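Worksheet for the structure shown next.
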Amino acid sequence: MNAIQYITDDNASVSHAQQAEQACAGGIRWIQFRCKSTDEDYRLQQGHAVAAVCKKYQATFIVNDDPRLAMELDADGVHLGKADMSPKDARILIGDTMIIGATANRSEDLDASVMACINYIGVGPFRHTNTKKNLSPLLGLDGIRNVIRKWKELNFSTPVFAIGGILIDDIPALMETGITGVAVSSAIHAAENPGLMATAFKHSIEENRRYLKEAGFQPYQKQL
């Protein structure tokens with residue numbers, strides 16, 4: 001599982017496929033297609049275009065919110081928000097081989113039965129972001145630490161990705177919380193050179209992982 005995920009954005013200045021291309025060219029190999037358009041034909045067209053980019057770069061292709069669209073696009077998996085289909089129902093629908101990610105704002109959002117049917121968690125928002133409306137309460141570093149601490153006490157070990165307004169300067173402190181990695185959107189596509197910014201994020205995470213390992217830091221879960 002990659003340590004950095006890129007999430008496409010309807011509000012970016014280029015298409016979803018172009019965003020995916022920029023991120024993959026910068027070394028990211030996990031793309032989440034997040035399109036909120038109500039036009040199903042448009043979403044399908046954009047989804048196929050993003051899928052083609054992911055295939056070109058051998059990147060993992062995740063569809064946001066919609067398990068049925070993920071199946072139609074032959075995606076690698078689906079990411080479900082708190083207001084979407086439950087992970088349990090999604091697992092029944094899409095089967096055992098597809099990836100399921102889930103969003104959490106509190107440790108109580110995901111119990112043991114849900115943890116058993118998901119592959120990773122997006123925890124946030126870390127700080128305010130304009131990418132998503134109706135945000136849950138902001139967590140900050142302390143909030144993410146508290147969520148991970150409680151899951152560790154419950155012996156959960158599902159990979160965790162921080163999400164929500166994350167900037168490259170946040171990486172060192174975030175990695176010290178024990179997260180697996182980060183999910184990023186506008187910090188990359190709004191950069192002057194998105195490809196270079198994607199590379200910078202990737203290198204920063206790798207360097208901080210190596211530093212923490214050498215320092216004897218014990219992460220919340222095995223780093224994948």
Side-chain angles (χ1 to χ4, degrees), residues 1-11 28 30 32 34 36 62 64-65 77-87 99-115 117-191 197 200-202 204-205 208-209 211-212 217-224:
M1 187 172 289
N2 293 266
I4 179 168
Q5 305 177 1
Y6 176 74
I7 304 174
T8 69
D9 184 4
D10 289 327
N11 298 316
I28 294 176
W30 186 293
Q32 183 185 142
R34 187 176 187 273
K36 293 298 184 179
I62 303 294
N64 181 269
D65 289 355
V78 63
H79 184 92
L80 301 170
K82 294 172 66 175
D84 299 326
M85 180 184 292
S86 75
I99 296 167
I100 295 180
T103 297
N105 179 253
R106 308 169 304 154
S107 59
E108 294 82 2
D109 288 337
L110 302 174
D111 61 21
S113 64
V114 174
M115 288 285 199
C117 62
I118 63 176
N119 301 98
Y120 73 92
I121 311 162
V123 174
F126 172 65
R127 69 160 57 87
H128 180 76
T129 173
N130 292 321
T131 303
K132 187 174 182 179
K133 298 179 181 179
N134 302 317
L135 286 176
S136 297
L138 302 184
L139 291 177
L141 283 171
D142 287 341
I144 290 176
R145 284 194 194 98
N146 288 336
V147 169
I148 289 179
R149 175 180 56 79
K150 291 178 182 178
W151 281 337
K152 187 175 182 179
E153 290 172 355
L154 294 169
N155 293 318
F156 296 154
S157 59
T158 307
V160 174
F161 293 80
I163 185 171
I166 293 170
L167 305 175
I168 194 165
D169 289 344
D170 298 319
I171 296 301
L174 278 170
M175 295 306 291
E176 288 182 359
T177 68
I179 59 171
T180 306
V182 298
V184 182
S185 185
S186 59
I188 289 177
H189 71 66
M197 183 58 74
F201 264 98
K202 182 174 181 289
S204 180
I205 290 174
N208 278 278
R209 269 188 174 181
Y211 167 77
L212 291 170
F217 176 74
Q218 295 297 319
Y220 152 67
Q221 71 286 304
K222 180 181 178 182
Q223 301 291 356
L224 302 181

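Predicted model, so just to flag it, every value in this text is computed and none were measured.
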How close do [X] and [Y] get, counting heavy atoms only, and between which atoms?
X: His79; Y: Asp84; result: O-OD2, 4.4 Å
X: Phe161; Y: Asn2; result: CE2-O, 3.1 Å
X: Phe126; Y: Gly164; result: CB-O, 3.4 Å
X: Ala102; Y: Leu110; result: CB-CD2, 4.2 Å
X: Leu212; Y: Glu176; result: CD2-CG, 3.8 Å
X: Met175; Y: Phe217; result: O-CE2, 4.0 Å

Nearest-0.5 Å distance that lies between atom [atom1] in [X] and atom [atom2] in [Y]:
X: Ile188; Y: Ile166; atom1: CD1; atom2: CD1; answer: 10.5 Å
X: Arg145; Y: Leu174; atom1: CZ; atom2: CG; answer: 9.0 Å
X: Thr103; Y: Ile121; atom1: OG1; atom2: CD1; answer: 10.0 Å
X: Ser185; Y: Gln5; atom1: OG; atom2: CD; answer: 12.0 Å
X: Ile163; Y: Ile144; atom1: CD1; atom2: CD1; answer: 10.5 Å
X: Asp169; Y: Leu167; atom1: CG; atom2: CG; answer: 7.0 Å

Using modelled atom types and a 3.5 Å cut-off, is there a donor and acceptor pairing between side-chain atoms of [X] and backbone atoms of [Y]?
X: Asn119; Y: Ile100; result: yes
X: Asp111; Y: Ser113; result: yes
X: Asn146; Y: Asp142; result: yes
X: Trp151; Y: Ser107; result: yes
X: Asn105; Y: Gly124; result: yes
X: Arg209; Y: Thr180; result: yes

In the structure I gave you, are the side-chain heavy atoms of [X] and [Y] within less than 4.5 Å of one another anywhere?
X: Trp30; Y: Ile7; answer: no
X: Val78; Y: Met85; answer: no
X: Thr177; Y: Leu141; answer: yes

Given the rule in the side chain to side chain contact (heavy atoms under 4.5 Å, CB included) test, do Ile28 and Val184 qualify, once you have shown the distances and angles that lead to the verdict?
CA-CA 11 Å; Ile28 294 176; Val184 182; over 6 Å; no
Below 4.0 angstrom, N of the basic side chain to O of the carboxylate: do Asp10 and Arg34 qualify?
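Salt bridge absent between Asp10 and Arg34.
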Considering residues at least two apart in sequence or located in another chain, which fulfil the salt bridge (charged side-chain N to carboxylate O under 4.0 Å, His left out) criterion with Asp109?
Lys82, Arg106
Any chance the side chains of His189 and Tyr6 put a donor and an acceptor closer than 3.5 Å?
no
One pair to check against side chain to side chain contact (heavy atoms under 4.5 Å, CB included): Ile99 and Tyr120. What are the steps and the verdict?
CA-CA 8 Å; Ile99 296 167; Tyr120 73 92; 3.8 Å; yes
